[in-house]
S.K.: 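To start, I am sharing the structure in question, which I have written as structure tokens.
In this chain, residues are counted from 1 in sequence order.
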Amino acid sequence: MNSRIKLVMKSGKAILGFKQCLKALRKSKAKMILIASNAPPLRKSELEYMAMLGRTQVHHYSGDNTALGIACGKLFNCSVLSILDAGDSDILTSTKE
């Protein structure tokens, strides 16, 4: 999963953060959101609800927010990652259940 996230950050378009993710969900621009395992439950449920309304995929990332930030190539924590364009990565098709 980490290699796919790195490829999205390099070739596609993604945004980090709770507020930016909510904006992308409201505008129906987000194709998928990844939520870290230690994200606050209230924020997690709010994101899941907005994603359900917008028919957006939700993936619960197995690592915590520090691991998600490192997987994105950033040196800070990130609890939510929103993918707008997958680029060369197959992350949108590979994570469908």
Side-chain angles (χ1 to χ4, degrees):
M1 189 63 169
N2 287 351
S3 61
R4 292 185 180 121
I5 293 173
K6 285 180 185 173
L7 194 57
V8 166
M9 295 302 285
K10 196 172 214 178
S11 67
K13 186 163 176 139
I15 51 176
L16 305 171
F18 177 73
K19 289 182 182 178
Q20 296 294 323
C21 183
L22 276 182
K23 286 180 185 178
L25 284 170
R26 281 193 210 113
K27 293 179 182 178
S28 299
K29 291 187 175 184
K31 297 202 173 46
M32 175 184 232
I33 58 172
L34 287 104
I35 304 173
S37 63
N38 65 341
L42 185 63
R43 285 188 172 194
K44 197 181 287 193
S45 63
E46 190 175 348
L47 283 169
E48 288 169 349
Y49 177 70
M50 292 294 285
M52 184 263 310
L53 289 177
R55 294 188 182 97
T56 304
Q57 294 181 42
V58 177
H59 180 78
H60 295 281
Y61 187 70
S62 58
D64 61 351
N65 57 1
T66 305
L68 184 58
I70 291 172
C72 294
K74 306 295 180 186
L75 298 175
F76 49 83
N77 299 345
C78 168
S79 60
V80 182
L81 169 70
S82 179
I83 298 172
L84 306 180
D85 179 27
D88 297 332
S89 178
D90 63 341
I91 194 166
L92 297 176
T93 56
S94 66
T95 54
K96 282 185 182 176
E97 277 81 36

S.K.: Which pair of non-hydrogen atoms, one from A71 and one from Y61, has the smallest distance, and what is that distance?
M.R.: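 Where A71 meets Y61 most closely, the heavy atoms are CB-OH, 3.8 Å.
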
S.K.: Minimum heavy-atom separation for D85 and V8, please, with both atom names.
M.R.: O-CG1, 4.2 Å

S.K.: With N77, which residues qualify under side chain to side chain contact (heavy atoms under 4.5 Å, CB included), at least two apart?
M.R.: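 Partners of N77 by the side chain to side chain contact (heavy atoms under 4.5 Å, CB included) criterion, ordered by chain and then number, come out as N65, T66.
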
S.K.: Using 0.5 Å steps for rounding, measure from the NZ atom of K29 to the SG atom of C21.
M.R.: 13.5 Å

S.K.: Please examine the side chains of I91 and M1, heavy atoms only from C-beta on, and report whether any two atoms are closer than 4.5 Å.
M.R.: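 Side chain of M1 against side chain of I91, heavy atoms only: contact under 4.5 Å found.
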
S.K.: So, using side chain to side chain contact (heavy atoms under 4.5 Å, CB included) as the criterion, who are the partners of S37 when residues are at least two apart?
M.R.: D64

S.K.: Quick one: side chain to side chain contact (heavy atoms under 4.5 Å, CB included) partners of K31, sequence neighbours excluded?
M.R.: L92

S.K.: E48: which residues meet the side-chain hydrogen bond (donor to acceptor under 3.5 Å, both in side chains) condition with it, sequence neighbours left out?
M.R.: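 E48 satisfies side-chain hydrogen bond (donor to acceptor under 3.5 Å, both in side chains) with H60 once adjacent residues are dropped.
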
S.K.: I35 and R43: side chain to side chain contact (heavy atoms under 4.5 Å, CB included), yes or no, with the steps?
M.R.: CA-CA 10 Å; I35 304 173; R43 285 188 172 194; over 6 Å; no

S.K.: May I have the step-by-step check of side chain to side chain contact (heavy atoms under 4.5 Å, CB included) for L25 and Y49, ending in yes or no?
M.R.: CA-CA 10 Å; L25 284 170; Y49 177 70; over 6 Å; no

S.K.: How would you list, by chain and number, every residue that makes a salt bridge (charged side-chain N to carboxylate O under 4.0 Å, His left out) with D90, sequence neighbours excluded?
M.R.: R4

S.K.: For the pair I5 and C72, evaluate side chain to side chain contact (heavy atoms under 4.5 Å, CB included) and give the outcome as yes or no after the intermediate values.
M.R.: CA-CA 6 Å; I5 293 173; C72 294; 4.0 Å; yes

S.K.: According to a hydrophobic-cluster definition based on side-chain heavy atoms being under 4.5 Å apart (Ile, Leu, Val, Met, Phe, Trp, Tyr only), do L34 and F76 belong together?
M.R.: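 Yes, L34 and F76 fall within the same hydrophobic cluster.
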
S.K.: Is V80 linked to L22 within one hydrophobic cluster, defined over Ile, Leu, Val, Met, Phe, Trp and Tyr using a side-chain heavy-atom separation of less than 4.5 Å?
M.R.: yes

S.K.: Taking all heavy atoms of I33 and all of A51, pick out the closest pair and write down the distance.
M.R.: CD1-CB, 4.1 Å

S.K.: What residues, two or more places apart in sequence or in another chain, satisfy side chain to side chain contact (heavy atoms under 4.5 Å, CB included) together with I15?
M.R.: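 Q20, A24, S82, L84.
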
S.K.: Run the side chain to side chain contact (heavy atoms under 4.5 Å, CB included) test on L81 and M9 for me, step by step, so that the C-alpha distance in whole Å, both residues' side-chain angles and the decisive distance to 0.1 Å come before the verdict.
M.R.: CA-CA 10 Å; L81 169 70; M9 295 302 285; 4.1 Å; yes

S.K.: So, for S89 and L7, which heavy atoms are closest and what is the spacing to 0.1 Å?
M.R.: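 Smallest interatomic distance, heavy atoms only, reads CA-CD2, 3.6 Å.
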
